[in-house]
Number of protein chains: 2
Amino acid sequence: MAGRAAVPEVIWARPERTGRGPKPAFTRADIAAAAVRIADERGLDAVSMRHVAAELGCGTMSLYSYVPRKEDLYELMIDAVGAEHELFEPTGDWRADMLRNAEETRAIMRRHTWVPRLMAGVHGFGPHTLRYLEHCLACLEPLDVPAGTKTELIALLNGVVTTYTANDIATVERTRSMPWSVEEENAVRMAYLGSQVATGAYPRLAAAFTEQSGPVDLEAVFRRALERVMDAFDPEPR
Amino acid sequence: MAGRAAVPEVIWARPERTGRGPKPAFTRADIAAAAVRIADERGLDAVSMRHVAAELGCGTMSLYSYVPRKEDLYELMIDAVGAEHELFEPTGDWRADMLRNAEETRAIMRRHTWVPRLMAGVHGFGPHTLRYLEHCLACLEPLDVPAGTKTELIALLNGVVTTYTANDIATVERTRSMPWSVEEENAVRMAYLGSQVATGAYPRLAAAFTEQSGPVDLEAVFRRALERVMDAFDPEPR
DNA sequence: GCGCACTACGTACGCTGTACGTAACTAGGA
DNA sequence: TCCTAGTTACGTACAGCGTACGTAGTGCGC
C-alpha cells in the first residue's frame with residue numbers, strides 16, 4: 001500500500017517507479033493522455049477517476065498507485081498539453097517569438113477548452129511547463145532587461161492569453177453538458193445584456209454597446225493586447 | 001413546480017418574485033450572502049446546496065425555487081462580492097482611478113479567496129458587475145480613445161488582477177481542506193523547483209532563479225504590471 | 001370562495017472521491 | 001536459491017454531491 005502522505009507532496013518529485021513489486025502497467029504519460037482524451041471528448045466534468053481508469057482498462061483504485069490525489073491528475077493534464085508547445089529556434093526578434101508563443105498557447109487552449117478552468121486551481125510546474133518557460137527565456141535573450149523583468153513579462157503575457165482565451169471558450173466548455181448550443185446560450189446572454197443596457201441605468205455602457213457596430217474581431221483585439229503589453233516592456237519601442 | 005427549462009436562461013433575467021403562492025422566505029441576496037459566508041469560512045468546496053440550505057434554515061430542495069442550477073448560485077456569489085466595490089467619484093486622473101479600482105478588486109479577492117476559481121467558469125453579468133463596469137467607464141472618461149478600446153483596457157486590467165492575485169491565493173484556497181499549512185506547501189514546492197533547476201536542465205531559469213536574491217515583493221510586481229498595461233493604452237505616456 | 005400557480009421540501013438515484021483491506025507479484029538479502 | 005518485505009492491483013464500502021420527481025400547503029386573481 002502506498003500510504004497517503006499527511007505532508008504536502010509535489011507529484012513531480014515522486015519517482016515514477018520504485019523497483020520492488022509488479023511492473024506498473026502504465027506510465028504517468030499514459031494516464032495524462034487518457035485524462036486529456038476524456039476531457040477533450042466529453043468535457044472536464046467527465047474526467048473522474050472511474051472514467052480515466054476505464055479508459056485505461058484498469059480498476060479505479062489502481063490509479064491511486066500512480067496519482068495520490070485527483071488534483072495531481074489535473075497537474076498531469078496541464079503538463080501534458082504543455083508538451084504541445086513547439087520549442088522553435090529563437091529568431092532574434094523577441095517580440096515576434098513571444099507573439100508566436102502566445103498564439104500557440106491560444107491554439108492549445110482552443111484545442112483543449114478545459115485548460116483555462118484548470119489553470120485557476122493548478123499551480124504546479126511540471127517538466128514540460130519548465131521547458132516552456134526556459135524556451136520563453138531563450139526567446140527573450142535579445143531583450144535587455146533584468147531576468148526578473150523577463151519573468152514578469154512572461155507571466156503577464158500568459159495571463160493575458162489565459163484571460164482572453166478563457167472568455168472565448170467558457171461557453172463552449174459549459175454548454176457541453178447542456179441540452180442547448182453555444183450559439184443559443186450566447187444569444188440569450190446578449191439579449192439579456194441588451195435589455196439591461198436599454199433600461200438606461202448604464203449610460204456609458206449603453207454608449208459602448210451601441211457604438212460598436214458589427215461583430216468584434218476577437219483575434220485582432222487579442223493581438224492588440226499582446227502588442228500593448230510588449231510595448232510596455234520594450235526599451236526601444238516600435 | 002418551477003419546471004426546469006430546456007433552454008438557456010440567465011438567472012438575472014428571471015424576476016425575483018412572481019406574485020402567486022406563498023411568500024418566498026428569502027431574497028436572492030440572502031442566498032448569495034449565505035453562500036459567500038460558507039465559502040469564506042469553510043472554502044468553496046463546502047458550498048453545496050445542502051450546506052447553503054442549512055445555513056438559511058430551509059430544506060435543500062427549496063433552494064431550487066430560487067436558483068435553477070448550482071452554477072447560477074455561483075453567479076449570485078460573484079455578483080454579491082462585486083457589490084463590495086466602492087463606486088467613488090472619478091477624480092479626472094484615469095490612471096489613478098483605475099489603479100484604485102484594481103487594488104480594490106485585489107483586496108476583494110484576498111477577502112474571498114474563492115473568487116478567482118469561480119471567475120474561470122462564470123461568465124455572467126449581474127447588476128453589481130454591470131454597475132462596476134459603468135463605474136470603470138466613468139473613470140475612463142478623460143481618456144481620449146474609442147469606447148471599444150476602453151472596454152479592452154478594462155478587460156485587460158481585470159485579467160491582470162485576476163491572474164496575479166489568483167497565483168497568490170491558489171495555495172490558500174487549496175490547503176483549506178488539507179492537513180498542512182500554506183507555508184509548508186509553498187516550502188515543498190519551492191524545494192522541488194530548486195531541485196529541478198539544480199539539475200542544469202534549465203540554465204536560463206536557473207540564472208533567473210539565483211539572480212533574484214531575497215523574496216519577491218509581489219505587491220510591487222503587481223503594481224508595475226498594472227502601470228505597464230496602462231502605459232500601453234496611454235496616448236500621452238508618462 | 002374557488003382554483004391554480006407557486007413555494008416548500010422529503011425521498012431517491014446515480015454519481016463522485018477515496019479509505020481500507022486483500023491478493024498477487026517481484027527485487028534484494030540470507 | 002528461497003524468503004520476505006515493499007509494491008502494485010483492485011473490489012468493496014461510505015459519505016457526500018447535484019438534482020429529478022412527487023406531494024403538500026399557501027395565497028393571489030378571477
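Reminder, nothing fancy here: chain letters follow the sequence lines and each chain counts from 1.
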Between [atom2] on [N] and [atom1] on [X], what's the gap in Å once rounded to a whole number?
X     : N      : atom1 : atom2 : answer
B:Y64 : D:dC17 : OH    : P     : 11 Å
A:E71 : C:dT18 : CD    : C1'   : 14 Å
B:L63 : D:dC17 : CG    : P     : 13 Å
A:Y66 : D:dA9  : OH    : C1'   : 8 Å
A:M61 : D:dC14 : CE    : P     : 15 Å
A:Y74 : C:dT16 : OH    : P     : 11 Å

Minimum heavy-atom distance B:Y192-B:S195, with the two atoms named: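 Scanning both residues completely, I find the closest heavy atoms to be O-OG, 2.6 Å.
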Residue pair A:A53 / A:L63: nearest heavy atoms and the distance that separates them: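 Nearest pair, atom of A:A53 first, then A:L63: N-CD1, 3.8 Å.
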Any side-chain N or O of [X] less than 4.0 Å from the OP1 or OP2 oxygen of [N]?
X     : N      : result
B:T60 : C:dC9  : no
B:R50 : D:dG16 : no
B:H51 : D:dG16 : no

From C-beta outward on [X], which listed nucleotide comes closest to its side chain: [options]?
X     : options                : answer
B:R69 : C:dT18, D:dT19, C:dG17 : D:dT19
B:S62 : C:dC9, C:dG17, C:dA27  : C:dC9
B:S65 : C:dA8, D:dC17, C:dC6   : C:dA8

Contact check, side chains of B:R176 and B:T113, non-hydrogen atoms, under 4.5 Å: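 They are in contact (side-chain heavy atoms under 4.5 Å apart), so the answer is yes.
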Sugar-phosphate only, base, or nothing, as touched by B:V67 at under 4.0 Å among non-hydrogen atoms: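 No contact.
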No-hydrogen, no-angle side-chain donor-acceptor test under 3.5 Å, A:H112 and A:D40: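 Present: a donor and an acceptor within the cut-off.
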